[in-house]
Amino acid sequence: MEPLLAYRHVRLIRRFEERLVGLKTDGLILGSMHLCNGQEAIPVGACACLEQRDALTVTYRGHGWAIARGLPLAQLFAELQGRASELSGGLGGSPYFCSARHGFLGENSIVGAGVPIAMGAALASYFDGSGSVSLVAIGDGALNQGAVHEGLNMAGTMRLPLVVVVENNVYSELTPVRDMIPTATLVERAPMYGMAPATIDGNDVDAVESAVRQAVERARSGGGPSLIEAHTERLVGHYDLDPQHYRPAGEIEDAMTREPVGRLRSVIGDAEADRIDDEVEQELDAAVAASHNVPFPTTESVTEHLYA
Amino acid sequence: MQTLPETRELTYMQAVTEAQRWALETYPEAIVFGEDIGLPGGPYGSTKGLRKAFGERVFDTPISESAILGGAIGAAMRGRRPIVEIMFADFFLVALDQLVNQAANVRFLSRGEFTAPITVRSQQGFTPGSCAQHSQSLEAIFAHTPGLRIGLPADAERAYTMLRAAIASDDPVIVVESRALYQQKREVRLGGPVEAVGGARVVREGSDVTIVSWSRMVGEALTAADRLAERGIRAEVVDLCWLSPLDMGTVLDSVRRTSRLVIAHEANLTGGFGAEIAARVVTDGFDLLDAPIGRVGAPDIRVPASPALQQALMPNSESIVAAVDRLASF
């Protein structure tokens, strides 16, 4: 991806989430949020490879994916405030963004549950001949859930057009991933499911884009599913109020030397970066302002969409 | 030219197969999958011949209940109309997330932009020698979950009709069959209009007591009604058919006629769906009742395999008669 554009996207996601912290302090957002600070390059690089017809499912740490997939910022802000957004109408909140128009099948609080669902979307593609690809993003912890193995096994067995991106941010919630798996890497599980493996620097937009594009093309041409392990680091807690006592001193400072926003800033230079920063702030100002015009939901809305 | 509905004598299991055949013929987007349901035709034969007739739209999956249910959800969200089988209702428990957390939320969280028109077939209940993990009656779990529909057919005609209604519905619907009834035969009218999901029915009229039941216990209730009739007690039997949506109108109308109510199900008594019906009748029809409400269900035990123990402990027509007799003193 062109570096100016890449910077603009990762900066937008970073600042979107930093704005959320402010909105929460102001009492406009209630409930916990799982922020993706530091991991922005993965959704930006991956979504650049997806077409309108493709399907995407992610986990509760999915704000970045929703933005990269093109969901409207004002509606995202509105949903987070419990307003009647065009997304979940205030019924979902932070961890359940979804939008049929964007082929965004949704975030999920059950960390591995999106894998069988994405596999099902790939199954639909197999039958409808649309040529669409299904991409699912999960965390390193999710790879230890049973439903994930079932979904991967079935996708591999049927050679379904599925791309699985594992965002390995070192921690499975509050526990280091290395303490939770018997193998040196996560990606070495891929061949067991007949999946093409790849390991990438998840803080490098180009590396993400290149690996995902290869996997998407493989899937679209009938080559079957892929599993990509993208290494990254979380610059914030598991959830927004996580005190992170479990993290060694200096770890986040060290990670700051590798994170995607600063990295791309050094590529494009401060002058261009400052200019883009201003544009991003204006865009976010407008989106926040627009979100405040979205009404709160009516009580009827909770039963309107339970059944057909 | 309009084809006339055809009436045939079918077993309960064949009725299930015919409903799926209808679905595959009617909906190009319908797909049928599950464990052993393709080439083998299902462990009990309820998908027999469908693979041969419809090719890869009917296919076998690994032993992976989460993948079956999650796969159905994802495929449904992308335009397919999946009909999947969970071999034994007990196996729902290894993949409950996909129904309770996932399927039930699809429409709710997307304001109807996404729907999950999936039909999940399963079968449950005890049969002689059936083991502890192949014999439970778990319908209350699904009836407790907003966003899901659940029905339990009591005979072959109901199996055909209710399964077609489930498949035509745009909601996630669970149809739990009764293994004990699979070989029972009945005249079934094939084709014809498709019913909506929901609606109870009075299967025998009476004026002295209402027996509300579903699935296999409807047959037991009818047997109980025959025995009671020999003693001059006229029992009305209501087949609830669907626990969600729940047709309380039919139940209350019947109690209005009889003033006495017994609810009979195969599931454990504590927390069973009979408690829900009893509570609603007391709340909305307290003045209709001349006696306390009787409840019949399995004692709160694990289902024993021994046929001798099953006969002694599990509910049947005799326990229903006994429950009716207990109301007689009021």
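Letters go in sequence order (proteins before strands), and every chain restarts at 1. What you see is a predicted model; the values in this text were computed from it and never measured.
Taken to the nearest 0.5 Å, the CZ atom of B:Arg107 stands 9.0 Å off from the NE2 atom of A:His305.
Listed by chain and residue number, B:Phe92 satisfy the ring pair (Phe, Tyr, Trp, His ring centres under 6.0 Å) test with B:Phe142 (two or more places apart in sequence, or in another chain).
Few gaps surround CD on A:Glu188; more than 12 heavy atoms of other groups in view lie less than 6.0 Å from it. Environment of NZ in A:Lys24: crowded, with over 12 heavy atoms of neighbouring residues, nucleotides or ligands closer than 6.0 Å. For B:Leu93, the CG atom counts as densely surrounded, since its 6.0 Å shell holds more than 12 non-hydrogen atoms of other residues, nucleotides or ligands. Counting non-hydrogen atoms of neighbouring residues, nucleotides and ligands closer than 6.0 angstrom, the CZ atom of A:Arg53 exceeds 12 such neighbours.
Here B:Ser66 is the residue among B:Pro82, B:Ala76, B:Ser66 with the most heavy-atom pairs under 4.5 Å with chain A. In terms of heavy-atom pairs under 4.5 angstrom with chain B, the leader among A:Ala147, A:Ala55, A:Ser132 is A:Ala55. No other option in B:Arg80, B:Arg57, B:Arg149, B:Met77 has as many heavy-atom pairs under 4.5 Å with chain A as B:Arg149. Counting heavy-atom pairs closer than 4.5 Å to chain A, the top residue among B:Gly70, B:Gly79, B:Ala95 is B:Gly70. Ranking A:Asn153, A:Thr57, A:Asn108 against chain B, the residue ahead of the rest is A:Asn108, based on heavy-atom pairs under 4.5 Å. When each of A:His149, A:Glu150, A:Met154 is checked for heavy-atom pairs under 4.5 Å with chain B, A:Glu150 comes out on top. Your options are B:Ile73, B:Asp97, B:Ile68, B:Val106, and the one with the most heavy-atom pairs under 4.5 Å with chain A is B:Asp97.
Side-chain atoms of A:Tyr307 come within 3.5 Å of backbone atoms of B:Gly147 as a donor-acceptor pair (strictly under, hydrogens ignored). At distances below 3.5 Å, at least one donor-acceptor pair connects side-chain atoms of B:Asp171 with backbone N or O atoms of A:Ala308.
Within residues 112-123 of chain A, the residues approaching chain B closer than 4.5 Å by heavy atoms are, in numerical order, A:Ala113, A:Pro116, A:Ile117, A:Met119, A:Gly120, A:Ala121, A:Leu123. For residues 77-106 of chain A, heavy-atom neighbours of chain B at less than 4.5 Å comprise A:Ser85, A:Glu86, A:Leu87, A:Ser88, A:Gly89, A:Leu91, A:Gly92, A:Tyr96, A:Cys98, A:Ser99, A:Ala100, A:Arg101, A:Gly103, A:Phe104, A:Leu105, sorted by residue number.
For A:Ser134, no part lies near chain B; criterion is any non-hydrogen pair under 4.5 Å. If you measure heavy-atom distances from B:Ser110 to chain A, the contacts under 4.5 Å come from both the backbone and the side chain.
In terms of heavy atoms, B:Glu56 sits closest to A:Tyr126 at OE1-OH, 2.8 Å.
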What pairs of donor and acceptor atoms, side-chain ones from residues 25-44 of chain B against any protein atom, are under 3.5 angstrom apart with sequence neighbours left out?
unit_1	atom_1	unit_2	atom_2	d
B:Thr26	OG1	B:Trp22	O	2.6
B:Thr26	OG1	B:Trp22	NE1	3.2
B:Glu35	OE2	B:Ser64	N	3.3

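Between B:Phe59 and A:Phe127, the ring centre distance stays below 6.0 Å.
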